[in-house]
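Values below: all heavy atoms of this structure, side chains included; hydrogens, waters and symmetry mates excluded. Owing to the predicted nature of the structure, the values given are computational and were not obtained by experimental measurement. Below, read A as the first sequence line, B as the second, and so on, with proteins coming before strands; counting in each chain starts at 1.
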Amino acid sequence: MSTLALIDRLTRNAVDVLPHRELERKLELGRPLRVKLGIDVTAPYVTIGNGIPLQRMRAFQDEGHVGVLIVGDYTTRIGDPSGRSRERPMLDPAEIDRMAENFFDNARRVIDPERTEVRFNSEWLGSLGFAELLRLARTTTVAQILERDDFAKRFAGNVPISISELLYPLMQAYDSVAVEADVELGGTDQTYNLLAGRSVQQAYGLEPQVALTVPLLLSWDGTRMSSSRGNYIGLSEPAEEQFGKTMSIPDELLGQWWTLVVEQPVPDGAAMDAKLELARWIVRRSHGEEAVQAAEAHFTRVVREGGAPAEISSHPLPAGDGPVHVPAVIAAAFGLSTSEARRLLAQGGVKLDGVVVKGLDLPQAELAGKVLQAGKRRFARLVPPV
RNA sequence: GCAGGGGUUCCCGAGUGGCCAAAGGGGGCGGGCUGUAAACCCGCUGGCUCAGCCUUCAGAGGUUCGAAUCCUCUCCCCUGCACCA
């Protein structure tokens, strides 16, 4: 394959490749390049939004290069500047291990696990002395740090910025020094950090990395998909969830999702069909073909036809022969407050075997064995007390 | 350090002694409509043993029949001035 075609494939969907010629040059070195990506490990899932840069990593891996995933166990303690979270307590090693494992379990749905290195940044940041920190800090000026858009806005808007947050880009940059990254991947929101990596690497006498940024995937609410917003689809999330969530994206986002996620143009025809195909593709990548059929069947049955799912978990009724207090049962079965349960009840959102429930207290005989439904998606089969 | 401005329910943001569980918007939830979605309409959105009761307006005390609203102290944020290795 010609270098041009190769670069074209490696940088598909990229917004920026900085500097462009540098990538070309590095590729001609003939050695495997080290392609770095850092993701927040504290999130329950790696999202399909994070999947976009992961797909780039995969493309590099398919050409023989090495993916380097950074577990920011050390940086996590500071909290991402944009998230504006408070400093978090140090996580214990067992917890970090669990998170890292989960992280990798998600990522492997996209990348090639055989060509991946997973590195914890506490490995080098944890032993960084104050003198070394000062050396790192000297590589950058306040003005440079404040160029970063979110800092600039917060500074202008009198929103507090802590010194530790200002250090965040430097720590991330130092990761690039430590793992000797040739390329760093990230969303366009990471452009600044990726470029900081370049200048810090240079200050440490290393060849600067190439910064490759990809667009941020928008979610169904029109904002960028983010694990902290709850508007995400997790790479290892259950197939049914992935399917349903994909179907709930607005039609307007179909083009973007096909381009960025599937890396194909939207198929011609009805939006509905293109969306179904997209949902199948997403589930297939994470869980395989069988899961696709089950997830689609579930979607058709529960969402389109308003029926009950194939499998419903059981919930025992309270003991005793007296009438059963329905709000309490709903609350217990679905993890709601009884006030929420009462509201659902009052609004006709609660059904028993498909029939809207009216009363607050019902005899056990009228409940046992029936399927309780709260809203469209919550189901539980009521069984006699144990 | 000095002076001033602030901290309200998931978020933004009104409210300056009773009519405040606290306007409005966002988000979320339920119902309707529907091709999933969007749009649109209606309703709900602290908790509970729910026509009543209980706990909330940074924290702790106090004044008052009664406080998110007044006073005192504390914590945190912002602005200006001062300091400036």
Is a donor on one side and an acceptor on the other found under 3.5 Å between the side chain of R34(A) and the backbone of G67(A)?
no
Does A331(A) offer a backbone N or O that forms a donor-acceptor pair with the side chain of E340(A) under 3.5 Å?
no
For nucleotides C10(B) and U45(B), find the distance between their C1' atoms and express it as a whole number of Å.
10 Å
Closer than 3.5 angstrom, by distance alone: can the side chain of T11(A) be matched with the main-chain N or O of A14(A) as a donor-acceptor pair?
no
Using atom types as modelled, flag every donor-acceptor pair under 3.5 Å from a side chain in residues 354-369 of chain A to any protein atom, sequence neighbours excluded.
from	atom 1	to	atom 2	distance (Å)
D361(A)	OD1	H325(A)	ND1	2.9
Q364(A)	NE2	P318(A)	O	3.1
Q364(A)	NE2	G320(A)	O	2.7

I'd like to know if D62(A) pairs up with R58(A) as an ion pair, taking the criterion as any Lys NZ or Arg NE/NH1/NH2 lying under 4.0 Å from an Asp or Glu carboxylate oxygen.
yes
Answer with base, sugar-phosphate or nothing: what part of the nucleic acid does S248(A) contact at a heavy-atom distance below 4.0 Å?
sugar-phosphate
Go ahead and name the base partner of A58(B); Watson-Crick or wobble counts if both distances stay under 3.5 Å, otherwise write none.
U74(B)
Distance in angstrom units between E305(A) CD and G35(B) C1', rounded:
13 Å
Expressed in whole Å, how much space separates the P atoms belonging to U69(B) and C57(B)?
9 Å
Donor on one side chain, acceptor on other, D175(A) and Q172(A), under 3.5 Å
no
F243(A) has an atom CZ; how far is it from atom P of A37(B), in whole Å?
13 Å
Considering Watson-Crick and G-U wobble pairs with both distances under 3.5 Å, what does A21(B) pair with?
none
Residues in residues 345-367 of chain A with a heavy atom under 4.0 Å of RNA chain B, by number, are Q347(A), G348(A), G349(A)
Whole-Å distance separating the CD atom of E340(A) from the P atom of G30(B):
10 Å
Applying the 3.5 Å cut-off to both distances, the Watson-Crick or G-U partner of C40(B) turns out to be G32(B)
Should the ring pair Y232(A) and Y45(A) be called parallel, tilted or perpendicular, given that the plane angle runs from 0 to 90° and is split at 30 and 60?
tilted
P spacing across the pair G26(B) / C42(B), given as an integer number of angstrom:
13 Å
Using whole Å, what does the distance between atom P of nucleotide G35(B) and atom CG of D251(A) come to?
13 Å
Nearest-angstrom distance, C1' atom, C70(B) to C84(B)
41 Å
Whole Å only: how far is the CG atom of L336(A) from the P atom of C48(B)?
10 Å
Under 4.0 Å between any heavy atoms, over every strand shown, what does S337(A) touch: base, sugar-phosphate, or nothing? Just pick one.
sugar-phosphate
Nearest whole angstrom, please: distance from the P of G30(B) to the CD1 of I330(A).
13 Å
Over 12 foreign heavy atoms within 6.0 Å of CD, E311(A)
no
Applying the 3.5 Å cut-off to both distances, the Watson-Crick or G-U partner of C50(B) turns out to be none
For S176(A) and E184(A), which I'm curious about, is there any donor-acceptor pair between the side chains at under 3.5 Å?
yes
Side chain of H325(A): nearest nucleotide among U36(B), C48(B), U49(B)?
U49(B)
Among the nucleotides U45(B), U36(B), G30(B), which one has an atom lying closest to any side-chain atom of R304(A)?
U36(B)
Working for salt bridge (Lys or Arg N to Asp or Glu O under 4.0 Å), residues R280(A) and E277(A)
CA-CA 5 Å; R280(A) 291 185 197 114; E277(A) 198 50 44; 2.6 Å; yes
How many Å lie between CG on L253(A) and C1' on U36(B), as a whole number?
14 Å
Does a side-chain N or O of R342(A) approach OP1 or OP2 of G47(B) to a distance below 4.0 Å, or not?
no
Considering just the side-chain nitrogens and oxygens of K376(A), establish if one lies under 4.0 Å of OP1 or OP2 belonging to G31(B).
yes
Aromatic plane relationship, Y174(A) with Y204(A) - under 30° parallel, 30 to 60° tilted, over 60° perpendicular:
perpendicular
Rounded to whole Å, the CH2-P distance (W220(A) to G28(B)) equals 10 Å
Pairwise 5' ranking along RNA chain B for A328(A) and T246(A), keeping only the more 5' one:
T246(A)
Looking at U36(B), I'd like to know if its phosphate oxygens (OP1 or OP2) sit under 4.0 Å from a side-chain N or O belonging to R377(A).
no
Who does U79(B) pair with, Watson-Crick or G-U, both distances under 3.5 Å?
A3(B)
Please give the distance between the P atoms of G30(B) and U16(B) as a whole number of Å.
36 Å
Give me the distance, rounded to whole Å, that separates C11(B) from G28(B) when you measure between the P atoms they each carry.
15 Å
T338(A) side chain near U49(B) phosphate (N/O to OP1/OP2, under 4.0 Å):
yes
If you take any heavy atom closer than 4.0 Å to RNA chain B, which residues from residues 265-280 of chain A end up in contact?
A271(A), M272(A), K275(A)
What integer number of Å spans the C1' atoms of G17(B) and C71(B)?
13 Å
So, OP1 or OP2 of G30(B): does either fall under 4.0 Å of a side-chain N or O from R343(A)?
no
Which value, in whole Å, describes the distance between the C1' atoms of nucleotides A60(B) and G7(B)?
16 Å
In terms of side-chain heavy atoms of L344(A), which of C29(B), U36(B), C50(B) is nearest?
C29(B)
Mate of A14(B) where both pairing distances stay under 3.5 Å, Watson-Crick or G-U:
none
S219(A) side chain vs N231(A) backbone, donor-acceptor pair below 3.5 Å
yes
